[in-house]
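Each chain gets a letter, A, B and so on, in the order its sequence line appears, and its residues count up from 1.
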Amino acid sequence: MGYENRIWCGTIGAKYVNQKVELFGWVNRVRDMGGILFVDLRDRSGIIQLVVDQKKVSNFDDLAGLSNEDVIRVVGVVRQRPRDKINTRLPTGEYEVDVERIDILSKSDPLPFAINEEDYKEISTDESLRLRYRFLDLRRPRMFRNLYFRHKFIKKIRDFLDENGFIEVETPILSKPTPEGARDFLVPSRLQPGKFYALPQSPQLYKQILMVSGIDRYFQIAKCLRDEDLRADRQPEFTQLDLEMSFIDQEDIFNLIENLLKEVLLSTMGIELQTPFPRISYKIAMEEYLSDKPDLRFPYPIKRFDTQKVPINNENLRGEVYYLFIPFILNRKEIDNLYNKGYKFLYLIREGENYKGTLLKYIQVEKMNELVENREVYTVLLTFDQPRDKLDEIKRILIDRKVLLPACSFYFLWVKDFPLFKLEEDGKISSEHHPFTNVHPEDKDYLYELYNEFRLSVNFSDIVPKLLNIKSLAYDLVLNGVEVGSGSIRITDPELQKMIFHIIGLTDEEANSKFGFLLNSFRYGVPPHGGIALGLDRIISILLMTNSIRDVIAFPKTQSGSCLLTNSPSEVDRNQLLELGINTVPLAQ
RNA sequence: GGGGACGUAGUUCAGCCCGGUCAGAACGUUGGCCUGUCACGCCAAAGGUCGCGGGUUCAAAUCCCGUCGUCCCCGCCA
């Protein structure tokens, strides 16, 4: 049919004027004027107006029932529109196709919801309906744009990594359960009844083995599967850019990812990122921003308020005093909104020589001005006698309401020196990142010291808080306050590895049965290595400013893990279970 | 496991607070008219067990309880 002659609707331009063309696509809208029809024809590239004149089209009568989403073939001549008939809202609005013939290739039933809404508007259709008819939803130009951007983004990543000596290696989907981390999806083995594969939470162990294999620079656009609850930015299966390098240190990883994102964002969006990205330590992040993934688009941390420097004459003042500095004027509406939400705070607004706000009568403005480095225009929000995170909540709300931030910007940030361990609710120690994360060189000797105490179990409860202070070579990449990547330099020293397993409560036997294959490989010459994984769904979703990652995934699951298109998960035939030696039992309530 | 929001015509919503002209609008659909529209316009029509189940009441879309579904969040996600 049209493989060679066909052209895309959205590409019609000056060079086709007065030429005969063949078009295929879906009917986006019909405007029936009686003896003339205007049809908006849509394919993935865009929309072009067809002019169907009763006098010129032989099968005009057949077209009376032409309806939205019918699939048609069109032969006609491209015309420049009369000057007063140009549609400036359409990229192809200067042109139209003077139709000679239309064939209806496929009729469409009336639609369950409108898909030809104005593209700049929010999609108003209920999401469950969109997911049930995902094939229709994806016809929306916006959804196609999301998928297309995702494709380009990932292609550029592949190009960049290829040019930088990386090779993409596929790792198994049928894998082995992992003892810690997220809940595994299990797959029963038919050939070995009673045994199970697990779907990979990430290719972590495989990629480290590939380093032992001398691959040196590995990457994979990898599906990862975790059986945990869903969120707007979490799906049970998601896609990571997973990579690992040998003979490198932390800074090499940072540089690589910075260069990669710089190049990919430039070529896909025309955005010029400033590199290097800021690096802050986990400790500073937590102290200054109360978060291990601060949003530095608004770079002013909440600080303790020094009542020595700026006295406050309020008899109710007690407890810890904190303040948030904002380098512009927060309007009345936003302040009322916060009060309406039940937050308690005082505020001061300076606009040149004008001061106002609930804080004004309690302080000397000169002292306050000194505190904020004599800014001419500012707002200060101040809380006392309540935890500091109340003020952080307020800041979060202002950020979410886009009061504090430029409308469109992307702020990447490295958070490094994560703790090596964390404390579980049950009092056990576990790895903050994963058990193969290397200790920070600064804390290595200290770790050995502590381990000796730990082994002797002199005073366990005394050692735990010390262990929690040990830093690691783990790092996160943060974009606009969202964790979009995570990685570490790995352990290659068997002694150290043993020590870590011991501290997190894994015996040699357990460690061997879970990770023996990895540890064994390390006995045959393991290069120093490290890597990172980037959550591509999240990054793309943030870049495209969609409400959830579902809008950048072709066939996502609902919050309860259903695919409304295919109705999965579903019950299976009893014989299928029998063959696997599986019986279902009612779950305990 | 927990907290919150939503569920009314094919779609998006109003009605719910205060039970009784509350079965409504717009878009879509169907039929008719129209040769320069582009959210075309005009005329007409069809279309709803108010998610489902139970309760209160003379009477329930409306109040109460349960349940299902979707969304947001906490827990969880090394």
Salt-bridge contact [X]-[Y] (side-chain N to carboxylate O under 4.0 Å):
| X | Y | answer |
| --- | --- | --- |
| A/Arg550 | A/Glu127 | yes |
| A/Glu237 | A/Arg226 | no |
| A/Arg140 | A/Glu117 | yes |
| A/Arg89 | A/Glu118 | yes |
| A/Arg132 | A/Asp126 | no |
| A/Arg183 | A/Glu228 | yes |

Return the value, rounded to whole Å, for the distance between atom [atom1] of [X] and atom [atom2] of [N].
| X | N | atom1 | atom2 | answer |
| --- | --- | --- | --- | --- |
| A/Tyr475 | B/rA78 | OH | P | 17 Å |
| A/Glu237 | B/rC77 | CD | C1' | 16 Å |
| A/Ile36 | B/rG41 | CD1 | P | 17 Å |
| A/Leu111 | B/rU30 | CG | P | 11 Å |
| A/Arg31 | B/rC40 | CZ | P | 5 Å |
| A/Asn116 | B/rC40 | CG | C1' | 14 Å |
| A/Asn28 | B/rU37 | CG | C1' | 15 Å |
| A/Lys85 | B/rU37 | NZ | P | 6 Å |

How is [X] classified with respect to the nucleic acid when contacts are heavy atoms under 4.0 Å: base, sugar-phosphate, or nothing?
| X | value |
| --- | --- |
| A/Ser560 | sugar-phosphate |
| A/Glu117 | nothing |
| A/Leu37 | nothing |
| A/Glu424 | nothing |
| A/Arg81 | base |
| A/Lys55 | base |
| A/Asp227 | nothing |
| A/Arg132 | nothing |
| A/Ala232 | sugar-phosphate |
| A/Ser430 | nothing |
| A/Asp53 | base |
| A/Gln201 | nothing |
| A/Gln559 | base |
| A/Arg183 | nothing |

For the [atom1] atoms, the ones on [N] and on [M], what distance do you get once it is rounded to whole angstrom?
| N | M | atom1 | result |
| --- | --- | --- | --- |
| B/rG54 | B/rA46 | P | 32 Å |
| B/rA9 | B/rG51 | P | 8 Å |
| B/rA39 | B/rC27 | P | 14 Å |
| B/rG19 | B/rC72 | C1' | 32 Å |
| B/rG10 | B/rU56 | P | 31 Å |
| B/rA44 | B/rU49 | C1' | 28 Å |
| B/rA25 | B/rG69 | P | 33 Å |

- Counting side-chain heavy atoms from CB outward, which of B/rU12, B/rA78, B/rG36 is closest to A/Ala182?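 Of the options given, the side chain of A/Ala182 lies nearest B/rA78.
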
- Any idea which of B/rC73, B/rU37, B/rA39 is nearest the A/Arg231 side chain?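 The answer is B/rC73, which lies nearest to the side chain.
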
- Taking every non-hydrogen atom, the tightest pair across A/Val52 and A/Val57: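 Looking at all heavy atoms of both residues, the shortest contact is CG1-CG2, 3.8 Å.
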
- Item | Neighbour count above 12 (heavy atom, 6.0 Å) for A/Lys471 NZ |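 Enclosed.
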
Under a 3.5 Å cut-off for both distances, is [N] Watson-Crick or wobble paired, and to whom?
| N | answer |
| --- | --- |
| B/rG41 | B/rC33 |
| B/rA60 | none |
| B/rU21 | none |
| B/rG7 | B/rC68 |

Could you check whether the side chain of [X] and the base of [N] have a donor-acceptor pair of N or O atoms closer than 3.5 Å, going by distance alone?
| X | N | answer |
| --- | --- | --- |
| A/Arg234 | B/rC77 | yes |
| A/Glu96 | B/rG36 | yes |
| A/Asp32 | B/rC40 | no |

- Item | B/rU37 pyrimidine/purine six-ring stacking with A/Phe38, under 5.5 Å and 30° |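 Stacking is present between B/rU37 and A/Phe38, given that their ring centres fall under 5.5 Å apart and the planes under 30°.
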
- Query: When you match A/Asn68 and A/Asp126 each to their closest nucleotide on RNA chain B, which lands nearer the 5' end?
  - Reply: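 Between the two, 5'-proximity favours A/Asp126.
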
